[in-house]
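Keep in mind it's a predicted model, so treat the numbers as computed, not measured.
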Amino acid sequence: MLRITDILDKTQDYLSPKELEMIEKAYIFSAAVHQGQVRLSGEPYLTHPMEVAGILADMKLDAATIISGLLHDTVEDTLTTIEQVREGFGKDVAFLVDGLTKISKITFGSQEERQAENFRKMMLAMSSDIRILLVRLADRIHNMRTLNFQPANRQQYIAKETIELYAPLANRLGINWMKVELEDLSFQYVKPDAYHELARRVVQSKEKRDQYTEEVKGIIHAEMERFELKGEVDGRAKHYYSIYKKMEEQHLNFDEVYDLMAFRVILDSDQEKTCYEALSVVHALWKPVPGRFKDYIAMPKANNYRSLHTTVIGPHGQRVEIQIRTRAMHEWAEEGIAAHWRYKEKRSSQTDDSGQIKKLRELLESQQELQNPREFMSNLKMALFPDEVYVFTPNGDVKSFPKGATPIDYAFSIHTDVGNQCIGAKVNRNIVPIKYQLQNGDMIEIITQTGHHPSKDWLKFAVTSRARSKIKNWIKTEERSKSIDLGKDLLEKEFKRHHLKFTAVARSEEIKKIYDEYGLNSLEDLMVSVGYGKISPKHVVRLFLPEEIARGEEIPAEKPKKKAPPISTPGISLTGIEDVMVHYAKCCNPIPGDEIVGYISRGRGINIHTAQCPHIQEFDSERVVDVQWSIGEKQTYPVGMRVVCKDQKGLVAELSAIISAMDINISHAEIDTRLHDMQAICDFKLDVNDLSQFNQVVSAIKKLKSVISVERIAGT
């Protein structure tokens, strides 16, 4: 266990004696209030805040941040109040601890809703003070280091959340070591088989790789000395998750990944020109690989990362990736915003740091209109994973966008009205359609037309969260307007059928019973719900009919012929909705075990999609309903599976034997062989009972030596 003396030793070089005294006081306070509490590992709970504070001390953060690390769970998990924290440690610490306190007292309808609200709160607090996010990341690092003590289902959930959200947040702040550790720690729980196999292969090749590393380092260092370039050369293996991603994206097996090593040239000089001088030395030594040079000094990444990247054909014909940077650039690359965040100075000037905070605030602001938690989390994930392109405005300013961005994204980045009225664009003075994908170095001008409006089709090629949220907001407003008209029309007709006037009824107090029953706030909400099909107009009118007539109205609705046949809704439980046909979406083929959502379609009942289905992005959130699996007797569901493997004789028979041995039917199979790399792509349509059975067959197939990758595919 980390001791308080260890934390004080880490901080005594840059903190004052008074600040060190406050850290010790926070340790004593935390030990007292957490007394008797234990972690799942059996260790005293105090080990967790101590480790978090130790991580923050290693990052050389200020005293308030380290104290907040020691106290971050006291308000949530003990009887401590924010007032006590404020009294004992000041307003600054109290603000940070309050921002870190989780919303444990609020009850949410789903795990996804809880996750979305936690992240929304975290990012709101972070926009006021970035230290809140730094403590939260340190907290997650230690929780991931001790994840083995959690039950298996919690391990999967926490690891998935970490790799999808916390690691990208660390990357967005430029804290590379955190990103790398969070990814690798998550990888071993999210994809345990792939992780352990990759770890075994990397260890096996270590000795040979180390020899090669020393050889390359020696050559570069000698050449740098010859040209009087002072600095160091570092060579290390890429982390496991980055190797795995490369194998998956390029359909490679381990033996085909040549650039397992990354070399860094870290120059003593602070002048950028020395980086380009070192680059010319490297390119004089070895032939560069075309298209593999990236200049992040001239055009830094969104997280302000700056470096030169090149890949060359090194000794023995192997590809070698080399990064070249100054020490200041290296410090930022590893520590990111934490390396330059000096709270003691209380600076107010505009710096690179404040630019990063501004970008994160913009990211948050673009989500403010999204009330649906699923939309919020989806847009947040997209915003955190930009593979960027850099374009120029007509004034010569540089703007960065995620790869695949279009003029629509550019237009909405200028102003909502410019985006709404966009009809096309000029790229390098040539007119292009709005679905054109922006390329590095493009100069963009937007063409607008007054009165023009967004189309739902724009969602197919808009990629930034800001553009997508603005388009959806406009579509939602339009859809709501149409649903109000439709709902009003349906209600008026149903009331007229019973010789009642809807406008008179709508002003009565009785109508509020319907509002209370369905959680509505107004007549407009009622008309929208009827228009979307969430509420039947018959149900509304019954409330205003005499009791005996209302009972008579219910009789036909109970006749079997009026209900959807049982076969149309197998295994699905709907909340508050009856007599609705259910269809499984063919675009994603949901199976029991998948997280699912329902979408109310006009005239076709409810379509069931997986929560990860890309089409959900295009849905109106008001027509999305909560659904759950409710499986009685076993039945099968179609699911697509793609196996990429080496093209070998008897391969299909081997795959079929594994699938059949698990009592799984193959309803369709399609095999495509690629001559250029001698690989086979085998697409199967399987009939499985649930997700667990599908995962079992995937694990069994992955054990075959000839198999490169196995994945689930949609729309088969």
Side-chain angles (χ1 to χ4, degrees), residues 39-41 47-49 51-52 54-56 58-59 69 72-73 76 99-100 102-104 108 110-123 125-126 130 132-196 198-199 238-245 248 303 334-338 360 363 373-374 376-386 595 611-612:
R39 305 195 83 214
L40 290 176
S41 62
T47 58
H48 174 62
E51 291 290 343
V52 171
I55 292 166
L56 298 169
D58 286 332
M59 296 167 74
H72 74 278
D73 278 335
E76 181 193 355
L100 288 158
K102 298 167 187 168
I103 27 183
S104 54
F108 295 103
S110 68
Q111 186 70 37
E112 187 171 38
E113 210 173 303
R114 176 180 293 277
Q115 185 189 54
E117 285 307 315
N118 269 311
F119 267 86
R120 199 190 293 271
K121 184 185 179 190
M122 182 174 72
M123 294 190 71
M126 172 276 300
I130 194 66
I132 290 170
L133 183 51
L134 295 176
V135 179
R136 195 65 182 262
L137 286 169
D139 174 53
R140 182 52 62 112
I141 282 274
H142 185 246
N143 283 334
M144 287 304 299
R145 288 174 181 172
T146 55
L147 193 61
N148 57 305
F149 296 106
Q150 289 281 355
N153 62 326
R154 289 289 296 157
Q155 288 176 350
Q156 276 281 324
Y157 173 78
I158 294 168
K160 189 168 183 287
E161 180 184 64
T162 301
I163 209 164
E164 289 183 354
L165 291 161
Y166 281 94
L169 274 171
N171 181 54
R172 196 66 183 253
L173 294 178
I175 312 173
N176 185 62
W177 73 267
M178 265 192 175
K179 167 189 171 277
V180 167
E181 185 171 352
L182 288 171
E183 284 181 343
D184 276 354
L185 287 170
S186 303
F187 178 31
Q188 61 183 300
Y189 294 102
V190 175
K191 300 272 187 182
D193 293 343
Y195 174 84
H196 292 299
L198 186 57
K238 290 183 176 179
H239 66 289
Y240 291 166
Y241 187 65
S242 70
I243 297 171
Y244 171 76
K245 277 203 303 183
E248 286 288 294
N303 61 10
E334 289 302 299
E335 298 292 337
I337 209 163
L360 281 161
L363 184 153
R374 191 169 283 110
F376 173 79
M377 294 307 290
S378 179
N379 277 18
L380 179 60
K381 288 174 188 177
M382 282 198 306
L384 290 173
F385 276 105
E595 189 180 351
Q612 287 74 37

Restricting to side chain to side chain donor-acceptor pair (under 3.5 Å), what partner residues turn up for Thr162, sequence neighbours left out?
Arg140

Heavy atoms only: give me the nearest His72-Gly69 pair and the separation to one decimal.
ND1-O, 2.7 Å

Results of side-chain contact (heavy atoms from CB on, under 4.5 Å) for Tyr195 - residues two or more places apart only
Phe187, Gln188, Tyr240

Please evaluate residues Arg136 and Tyr166 with respect to the criterion side chain to side chain contact (heavy atoms under 4.5 Å, CB included), reporting the C-alpha separation (whole Å), side-chain torsions for both, the decisive distance (0.1 Å), and the verdict.
CA-CA 9 Å; Arg136 195 65 182 262; Tyr166 281 94; 3.5 Å; yes

Partner residues of Glu181 under the salt bridge (Lys or Arg N to Asp or Glu O under 4.0 Å) criterion, sequence neighbours left out:
Arg145

Among all residues two or more places apart in sequence or in another chain, which pass the side-chain contact (heavy atoms from CB on, under 4.5 Å) test with Gln150?
Leu40, Leu147, Arg154, Gln155, Ile158

Stepwise side chain to side chain contact (heavy atoms under 4.5 Å, CB included) test for Thr146 and Glu51
CA-CA 11 Å; Thr146 55; Glu51 291 290 343; over 6 Å; no

Residue set satisfying side chain to side chain donor-acceptor pair (under 3.5 Å) with Asn148, at least two apart, ordered chain then number -> none

Which heavy atom in Leu56 sits nearest to a heavy atom in Ala138, and how many Å separate them?
CD2-CB, 3.8 Å

Stepwise side chain to side chain contact (heavy atoms under 4.5 Å, CB included) test for His48 and Asn143
CA-CA 8 Å; His48 174 62; Asn143 283 334; 3.3 Å; yes

Rounded to the nearest 0.5 Å, how far does CG of Asn171 lie from CE of Met178?
13.0 Å

Thr47-Arg39 side chain donor-acceptor pair, cut-off 3.5 Å:
no

For Asp184, enumerate each residue passing the side chain to side chain donor-acceptor pair (under 3.5 Å) test, keeping only those at least two apart in sequence or located in another chain.
none

What distance separates Lys179 NZ from Glu334 CD, expressed to the nearest 0.5 Å?
10.5 Å

By salt bridge (Lys or Arg N to Asp or Glu O under 4.0 Å), which residues pair with Asp193, not counting sequence neighbours?
none

With a 4.5 Å cut-off on side-chain heavy atoms, are Ile141 and Trp177 touching?
yes

Report the residues that fulfil side-chain contact (heavy atoms from CB on, under 4.5 Å) with Ala167, sequence neighbours left out, ordered by chain and then residue number.
Leu182, Glu183

To the nearest 0.5 angstrom, please state how far the CD1 atom of Ile175 sits from the CG atom of Leu169.
10.0 Å

Got a second to check how far Gln156's CD is from Lys191's NZ, nearest 0.5 Å?
9.5 Å

Rounded at 0.5 Å granularity, tell me how far CE in Met144 sits from CG in Leu137.
12.5 Å

